[in-house]
Protein chains: 2
Amino acid sequence: MDISVLHNSILFKGFDDTEISDLLKALNAAEKKYNKGEMIFSSGEITDKLCFVTAGGVTIESNDMWGNRTILNLVGKGQFFAESYALLPDVPMLVDVCAAEDCSIVFLSMKSLANLNDTISSRLLANLLTITTRKNLHLSSRSFHTAPRQVRGRIMAYLNTISVQKHSREFDIPFDRQQLADYLNVERSVLSNELSKMQRDGLIRCRKNHFEIITVTYLPG
Amino acid sequence: MDISVLHNSILFKGFDDTEISDLLKALNAAEKKYNKGEMIFSSGEITDKLCFVTAGGVTIESNDMWGNRTILNLVGKGQFFAESYALLPDVPMLVDVCAAEDCSIVFLSMKSLANLNDTISSRLLANLLTITTRKNLHLSSRSFHTAPRQVRGRIMAYLNTISVQKHSREFDIPFDRQQLADYLNVERSVLSNELSKMQRDGLIRCRKNHFEIITVTYLPG
DNA sequence: GAAAGTATGTTGTAATTACAACATTTCGGG
DNA sequence: CCCGAAATGTTGTAATTACAACATACTTTC
C-alpha cells in the first residue's frame, strides 16, 4: 500500500507515521485495484467505507434510465469519495462510481470510528469535516457550471473556474471531450461543435485538453 | 430569539439548555429578520457565519450573467446554510442566498469555534459533520434531478424522490412553479406545459403544489 | 509504418426548448 | 362581490439541442 499518498491526505493531516498505521489498522484499511471502466459502486448500494484514491482517478456519475451519463465529480489521486454514504450508512447511494482510468482505492471502515479514543477521534472528525466541506464546494461548482441554459455559457463558466484556479489563461483540463460533455450535461457532438465555433469567434484556443482563454480587447468608438 | 427551534436542531443535538445558551453566547449568536425576496448573501461575499433558519425559508441560488436563476437548494425552518463558507472562511461564496418568504436567521460565528474547550468542540464538530454530510446529499439529489436531458425526465426524477421521501404517491412539494422551474433548470412556461401534457398522458395529477403520481397498470396482450 | 481502435470534429434533420405574448385561474383585500 | 395582483396555463415562432451518420485525426500494437 502506498502510505506516502495517505500520509499527505487531508484525513491524516496532523497525524504522525505511527498514528497513521495504527489508524489504518483500526479502520480495517484494505486496498483494491480497478481497471479503467470498472464499476466501484453502483447506485442503490449501501456502504460504510470511506474511499481514498491512491492512484488513478474515478468519476462520480448518475446514469439515468435512458442511458445518459452525468458526471457529478472527478476524484483524483490523493482525494476521497463516498464520505457522505460512509458517514450516513443507512442511506443508499444515488450515484455510480466508475474507474476513469486504472486505479487503486483504499477502503476505510467508518463504523470502526466508534472504537477510537476521544482525542484521536476528534482530530479525525475535524479532518473529515474539511473533506465534506470541500466536497460541498465541488458539488456547488458543478451546479454553477451547468446553470447556464446554453452550451457556450456552460463551457465558459467551466473554463473560467479552471482558469481562476490555475491562475492562468492557459491550462489543461482533466476531462476528455466525452467526459466534459457528461460533466456539463450536453451532447458530445454539440460540445465539439460549440468549441469550434468559439475558436472561430476568437474566444478561446484549444487542442485536445489544453485550453487558452483569449482576452478580448474592446476598441474605442 | 426562538430557542426551541435551535434546541431541536442537528447542531445542538445532545446538548442541554444551559450548554446551548452558553454556546449561543460563545458563538456570538445574533438574529436578523428578512422580508420575502431580500438578499441575505450575494456571490463573492466572504463569511464565517453558520446560518440557521428559525422561521420561513431561503433559497440558495446561482444567478448567471444572463439573468437566469438556478435554485440549488431550499433551506427551511430548522435547517442550516452557508456551513461550507463558514468553515472555509477564505473561500468567497459562489451563490446568492435569498429569502423565499419572510424569515428569521440566526448567525453563528465559526471563527469562535477555536475558543471552545475540547469536549464541547468535538461534540459540536460531530454535529457539524452530520450537517455538511446531509447537505452533500441534497446537492447530489439536485444533480440527479437535473441529469435527464428532457423536461419530463427531470420532473419525474424530482417527483419520484419526493414520493419516496414521503412514503406516498400523493404529496405537496415546497416549490411554486417558478421555483420548481428554477430548481430543475427549465423554463417556467415549458414546465407548466409539460405538467399539462403529463396529466393528459395519465402519468400524474396535480393542482398547484399538490401532486399525485399515477401508477400505470400494464394490461396483458 | 500499416491496421485497428479510439477520440474528436462536422453536418443535417427531427425534436425540444426558449422566449414572448396572451389567457385563465387563484387569492386577498376593499 | 368586485377588483387588482400574482400565479399558472396556453400557444406560436425562433433558436437550440439531440441524435445519427459520417469524416478526420490521433494512438497503440504488432
Side-chain angles (χ1 to χ4, degrees), chain A residues 35-37 59 63-71 99-102 145-157 159 172-201 203-211, chain B residues 35-37 59 63-71 99-102 145-157 159 172-201 203-211:
Chain A
N35 295 321
K36 177 173 178 173
T59 52
N63 291 285
D64 72 21
M65 62 182 100
W66 296 279
N68 299 310
R69 175 173 76 160
T70 298
I71 295 183
E101 49 193 308
D102 292 356
H145 298 147
T146 55
R149 300 281 164 78
Q150 284 160 19
V151 175
R152 183 172 293 201
R154 294 188 188 193
I155 296 171
M156 283 313 254
L159 293 180
D172 290 341
I173 66 170
F175 291 123
D176 65 28
R177 289 288 180 278
Q178 184 65 58
Q179 289 172 325
L180 181 58
D182 291 340
Y183 178 80
L184 297 179
N185 221 44
V186 301
E187 269 295 308
R188 182 197 59 78
S189 65
V190 173
L191 171 65
S192 276
N193 196 241
E194 192 62 37
L195 285 172
S196 299
K197 285 187 200 160
M198 288 168 75
Q199 294 194 75
R200 260 176 259 148
D201 293 350
L203 288 172
I204 61 169
R205 267 194 286 271
C206 68
R207 180 186 158 76
K208 304 226 49 172
N209 63 344
H210 186 83
F211 284 76
Chain B
N35 295 321
K36 177 174 179 173
T59 52
N63 291 285
D64 72 21
M65 62 182 102
W66 296 279
N68 300 311
R69 176 174 75 160
T70 299
I71 295 183
E101 49 193 308
D102 292 356
H145 298 147
T146 55
R149 298 283 164 77
Q150 284 160 17
V151 176
R152 182 171 294 202
R154 293 188 188 193
I155 297 171
M156 283 312 253
L159 293 180
D172 290 342
I173 66 170
F175 290 123
D176 64 28
R177 288 287 179 280
Q178 184 66 58
Q179 290 173 324
L180 180 58
D182 291 341
Y183 177 81
L184 296 178
N185 221 46
V186 301
E187 270 293 310
R188 181 197 60 79
S189 64
V190 173
L191 172 65
S192 275
N193 196 240
E194 192 62 37
L195 285 173
S196 299
K197 285 186 199 161
M198 289 168 75
Q199 294 194 76
R200 261 175 258 148
D201 293 350
L203 290 171
I204 61 169
R205 267 193 286 269
C206 69
R207 180 186 159 76
K208 304 229 49 173
N209 63 344
H210 186 84
F211 285 75

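Below, read A as the first sequence line, B as the second, and so on, with proteins coming before strands; counting in each chain starts at 1. What you see below is based on every heavy atom in this structure, not just the backbone, and it leaves out hydrogens, waters and symmetry mates.
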query = Nucleotide by nucleotide, 5' to 3', does protein get under 4.0 Å of the base (B), only the sugar-phosphate (S), or neither (-) in nucleotides 25-30 of chain D, counting heavy atoms?
reply = -S----
remark   = A:D176 atom CG is separated from C:dT8 atom C1', nearest whole Å, by 10 Å
task = Take atom CZ of A:R177 and atom C1' of D:dA23, then tell me their distance rounded to the nearest Å.
result = 17 Å
key: d(NZ, A:K197; C1', D:dA15) in whole Å   = 11 Å
ask   = In whole angstrom, what separates A:M198's CE from D:dT16's P?
value = 14 Å
inquiry  = Taking side chain to side chain donor-acceptor pair (under 3.5 Å) as the definition, give me every residue that meets it alongside B:N209, ordered by chain and number, with sequence neighbours left out.
reply    = none
ask   = Can you tell if the side chain of A:M156 reaches within under 4.5 Å of the side chain of A:Q150, non-hydrogen atoms only?
value = no
query = Going from CG on B:L195 to CD1 on B:I155, what distance comes out if it is rounded to the nearest 0.5 angstrom?
reply = 4.5 Å
key: Residues forming a side chain to side chain donor-acceptor pair (under 3.5 Å) with A:R188, sequence neighbours excluded   = none
task = Starting from P on C:dA18, measure out to CZ on A:R152 and report it in whole angstrom.
result = 18 Å
message = Donor-acceptor check, side chain of B:Q179 to backbone of B:D176, threshold 3.5 angstrom: yes or no?
response = yes
query = Can you tell me how far P of C:dT17 sits from CD of A:Q150, to the nearest Å?
reply = 14 Å
ask   = Distance-only, no hydrogens or angles: does the A:R149 side chain make a donor-acceptor pair with backbone N or O of A:R154 under 3.5 Å?
value = no
task = Calculate the interatomic distance between A:R200 atom CZ and C:dT11 atom C1'; express it in whole Å.
result = 11 Å
Value in whole Å for how far the P atom of C:dT16 lies from CD1 of B:I155 = 14 Å
ask   = Among all residues two or more places apart in sequence or in another chain, which pass the side chain to side chain donor-acceptor pair (under 3.5 Å) test with A:Q178?
value = A:D182
key: side chain to side chain donor-acceptor pair (under 3.5 Å) involving A:E194 - partner list, sequence neighbours excluded   = A:R152
request  = Could you list by number each residue of residues 180-195 of chain B showing a heavy-atom separation from DNA chain C of less than 4.0 Å, or answer none if no residue does?
outcome  = B:E187, B:S189, B:V190
query = Testing A:T146, A:N63, A:N185 for side chain to side chain donor-acceptor pair (under 3.5 Å) with A:T70, which one passes?
reply = A:N185
inquiry  = On DNA chain C, compare the nucleotides closest to A:K36 and A:S196; which residue's is nearer the 5' end?
reply    = A:K36
